[in-house]
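Note on naming: letters A, B, ... go to the chains in the order of the sequence lines (proteins, then strands), and numbering restarts at 1 for each one.
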Amino acid sequence: MDRWLHPAIFFFLGSLILPFVKGEKAKKFLILLIPALSIVDVALMGEGVYGVYNFLGTTLTFGRVDKLSLVFAWVFVIMAFLGALYALHVKEDGHHIAANFYVGSSLGAIFGGDYLTVFIFWEIMAFSSVFLVWYRKERRSIEAGYRYLLVHVFGGLLFFAGMMLYYYKTGSLAFDRILPDRAGLAEYLILAGFSLNAAVLPLHAWLPDAYPEATVEGAVFMCAFTTKTAVYVLARGFPGFEVLAILGTAMTVYGVFYAVIENDMRRVLAYHIISQVGYMVAGVGIGTELSLNGACAHAFAHILYKALLFMGAGAVLYMAGTAKLSKLGGLYRYMPLTMVFYVVGAISISGFPLFSGFVSKSMIVASAHEKGRIMLMSLMNLAGIGTFLSVGLKVTYFAFFSKEEAPIKAKEPPKNMLWSMGLTSFLCFAIGVYPKMLYVLLPYGAEYHPYTLSHLSEVLQILSFTGLVFFLLVHKLTPEEKINLDLDYFYRKGGWLFLRLDEKVIAVIDAFWGELYKLLGLRLLFKKADFSYGFDRLVIDGIVDGSAEAARGLGGFVKRLQTGRVQAYIGLSLLIFVFVVWFLIYGL
Amino acid sequence: MGFDKMEIVKYIEILRNNMKTLKKVLIAYLVALVLFDVLLPRDEAHAHYFVDKVWAYWTFFSIAGCFLLIKVAKGIAHTFLSKDEDYYG
């Protein structure tokens with residue numbers, strides 16, 4: 001096809017139509033039609049460069065379609081469909097609109113051929129996904145959403161600063177591969193901005209902070225798009241950066257470490273995103289054809305099984321009212337289908353033969369082995385142990401078994417959720433049994449055969465003996481009703497420290513100043529009473545009262561925002577999005 | 001659909017009621033796994049590193065690794081990472 005239609009358009013336009021569609025059936029039809037059309041669009045897409053515009057003297061490229069962007073586009077649109085099916089029962093239009101803008105902007109970032117285009121969609125992603133947290137409408141979620149937004153604005157600023165320096169240096173905004181030995185401050189700032197979205201250590205704390213507070217359905221979307229868009233831009237721009245190989249491997253272990261000690265199912269899974277994205281980041285950092293293929297394949301497989309796990313945990317939260325392992329148990333008798341689907345996700349992420357993780361994760365491990373990076377390979381396998389231990393065994397055991405009689409007798413979730421989980425499970429299995437259907441999508445030439453005897457032996461030993469140790473030490477893993485500190489401590493307590501500083505130090509200085517003023521002021525007052533009086537009255541009071549008034553007004557404004565006037569936000573966002581959509585369609 | 005989801009529950013209960021047999025089967029499986037790795041012909045052309053050469057290397061690795069992971073993670077959590085759920089207010 002020589003004409004190209006940006007798949008994001010379906011999501012943007014569909015969202016604009018959605019509020020005007022009357023009737024529940026019609027709405028549901030539209031919600032599923034949007035991603036279905038985008039799948040057809042991606043299937044018909046030919047490689048090439050489309051949608052090139054000149055804007056203020058720079059070139060904007062909206063449609064760089066090649067094998068690397070296509071593999072991500074494929075899994076994004078498939079995931080959009082599965083996510084929409086899972087969220088079909090959600091009544092609020094705003095929730096669907098936020099999810100659609102989130103998916104659409106991720107697709108925009110994937111196909112963007114220059115930094116500015118990527119940046120625009122990058123920001124829309126952050127600002128639309130935060131609604132998926134806020135729609136939970138609980139105090140914790142609103143707070144977590146604000147933190148999420150602030151951290152992403154910070155990441156966006158790093159990216160923006162890098163982009164500006166890069167433009168100043170090279171005179172171009174083209175987004176292409178950067179060679180490690182040519183990278184300077186500009187490139188590293190961009191890398192830092194990308195890394196924040198990929199939750200690379202130490203810029204990761206936003207993820208386990210925000211995702212577990214998102215809505216049941218929103219978390220399914222969130223776990224798929226933000227980090228994987230970041231993996232895509234890293235694979236596009238920064239392959240072969242040694243720092244990514246090391247930090248990525250560190251992420252794999254860091255994530256499972258927290259997953260072993262966390263109590264909330266969705267927090268365990270959130271930490272596992274860090275761990276799994278770590279494999280992809282390491283794959284990008286190792287930088288061989290095999291490892292880059294591995295990063296793409298793993299992103300593809302990961303999106304599906306991680307969404308499946310979040311669907312399962314979400315179904316438990318939705319039906320049982322809590323996802324805390326310490327409060328759950330014995331659910332296999334009440335939610336058997338959910339359990340089966342969750343277990344499919346769990347053994348896919350653990351990399352069991354015949355399931356998707358096996359054919360994708362091992363490409364990255366094998367590429368580390370091939371390059372002689374035995375330390376990296378061993379740590380990745382250690383993370384593999386932790387993955388099966390926490391997601392596969394710990395969560396399954398304590399949520400669905402462990403207790404003879406279930407403390408909460410939850411029922412199976414609504415049918416659309418079950419269908420979505422069933423379809424996703426099927427895909428995880430299909431990719432594991434027939435990896436070729438994933439491998440043909442991969443961008444580079446390197447071939448890989450996962451089903452060799454020595455590889456099977458290695459993986460089965462790792463997984464089976466992890467199982468053995470789990471059953472010997474299961475009492476050590478009993479979930480505790482605690483939270484565990486992470487690096488978000490510094491900005492969460494930082495805000496608190498600032499308040500304390502305000503209370504103790506600034507207030508004391510203020511009081512001291514007041515005393516001094518009184519003492520000196522009184523003397524002066526006797527001498528130049530009129531002037532002083534006038535000055536105090538008009539100038540100082542004016543400033544103090546004025547700023548107090550302003551602060552109160554601002555406080556009131558912020559408070560109104562915080563009490564969840566989500567509609568007002570969406571109204572404002574819509575206006576901006578209309579502009580973006582117009583820009584996208586223009587000339588296509 | 002002609003499929004009763006309670007079938008799943010039934011099979012799980014059969015397994016739960018036969019824990020002793022299940023344990024024996026699983027132990028036999030583990031032994032077989034180690035034997036399989038020992039008897040597996042080594043691909044000398046690709047076995048450059050000790051991880052490829054030592055017999056049943058990944059068995060030792062995963063037992064030690066899993067044990068350490070649990071001990072270290074729980075240890076660090078209990079020493080200074082764990083806080084009450086309302087710690088941040």
Side chain, backbone, both or neither: which part of A:Leu473 has a heavy atom under 4.5 Å from chain B? side chain

Quick check on the interface: out of B:Leu69, B:Asp37, B:Ile76, who has the most heavy-atom pairs with chain A under 4.5 Å? B:Asp37

Do the side chains of A:Leu463 and B:Trp58 get nearer than 4.5 Å, heavy atoms only? no

If you compare all heavy atoms of B:Ala73 against all heavy atoms of A:Ile261, which two are closest, and at what distance to 0.1 Å? O-CG2, 3.5 Å

Near B:Lys23 NZ, under 6.0 Å, is it more than 12 heavy atoms from other residues, nucleotides or ligands? no

Determine whether more than 12 heavy atoms belonging to other residues, nucleotides or ligands lie under 6.0 Å from atom OH of A:Tyr451. yes

Just wondering, do A:Asn484 and B:Lys83 contact through their side chains at under 4.5 Å, heavy atoms? no

Scored by heavy-atom pairs under 4.5 Å with chain B, the best of A:Leu477, A:Asp486, A:Thr452 is A:Leu477

Does the side chain of A:Gln461 come within less than 4.5 Å of B:Tyr57's, by heavy atoms? no

Could you tell me if the side chain of B:Leu81 sits less than 4.5 Å from the side chain of A:Phe257, heavy atoms only? yes

Looking only at non-hydrogen atoms, find the nearest pair between A:Lys476 and B:Lys74 and report the distance. O-CE, 3.3 Å

Residues of residues 378-389 of chain A with any heavy atom under 4.5 Å of a heavy atom in chain B: A:Ser378, A:Asn381, A:Leu382, A:Ile385, A:Gly386, A:Leu389

Quick check: do B:Phe61 and A:Glu458 have side-chain heavy atoms less than 4.5 Å from each other? no

Just verifying a value: how many Å separate B:Leu33 CG and A:Leu468 CG, rounded to the nearest 0.5 Å? 11.5 Å

Using a cut-off of under 4.5 Å for heavy-atom pairs, which of A:Lys324, A:Met339, A:Glu370 has the most such pairs with chain B? A:Lys324

Within the structure provided, determine whether A:Leu453 and B:Phe36 are in side-chain contact (heavy-atom separation under 4.5 Å). yes

Straight-line distance of A:Phe470 CZ to B:Cys66 SG, nearest 0.5 Å: 9.0 Å

I need the residue from B:Asp84, B:Ile27, B:Thr59 with the largest number of non-hydrogen atom pairs under 4.5 Å to chain A. B:Thr59

Find out whether B:Ile12 and A:Phe400 are in side-chain contact, i.e. whether some heavy atom of one side chain is under 4.5 Å from a heavy atom of the other. no

Selection from A:Asn263, A:Leu472, A:Ile374, A:Val256 maximising heavy-atom pairs under 4.5 Å formed with chain B: A:Ile374

Report which part of B:Tyr29 has an atom under 4.5 Å of a heavy atom belonging to chain A: side chain, backbone, both, or neither. side chain

Contacting moiety of A:Val459, where chain B heavy atoms sit under 4.5 Å: neither

Inter-residue atom distance B:Ser82.OG - A:Glu481.CD, 0.5 Å rounding: 12.0 Å

Go through the atoms of A:Asp488 and report whether side chain, backbone, both or neither lie under 4.5 Å from a heavy atom of chain B. both

Bottom line for B:Ala56: the part with an atom under 4.5 Å from chain A's heavy atoms is both

Would you say that B:Arg16 contacts A:Tyr332 through its side chain, given a criterion of any heavy-atom pair below 4.5 Å between the two side chains? yes

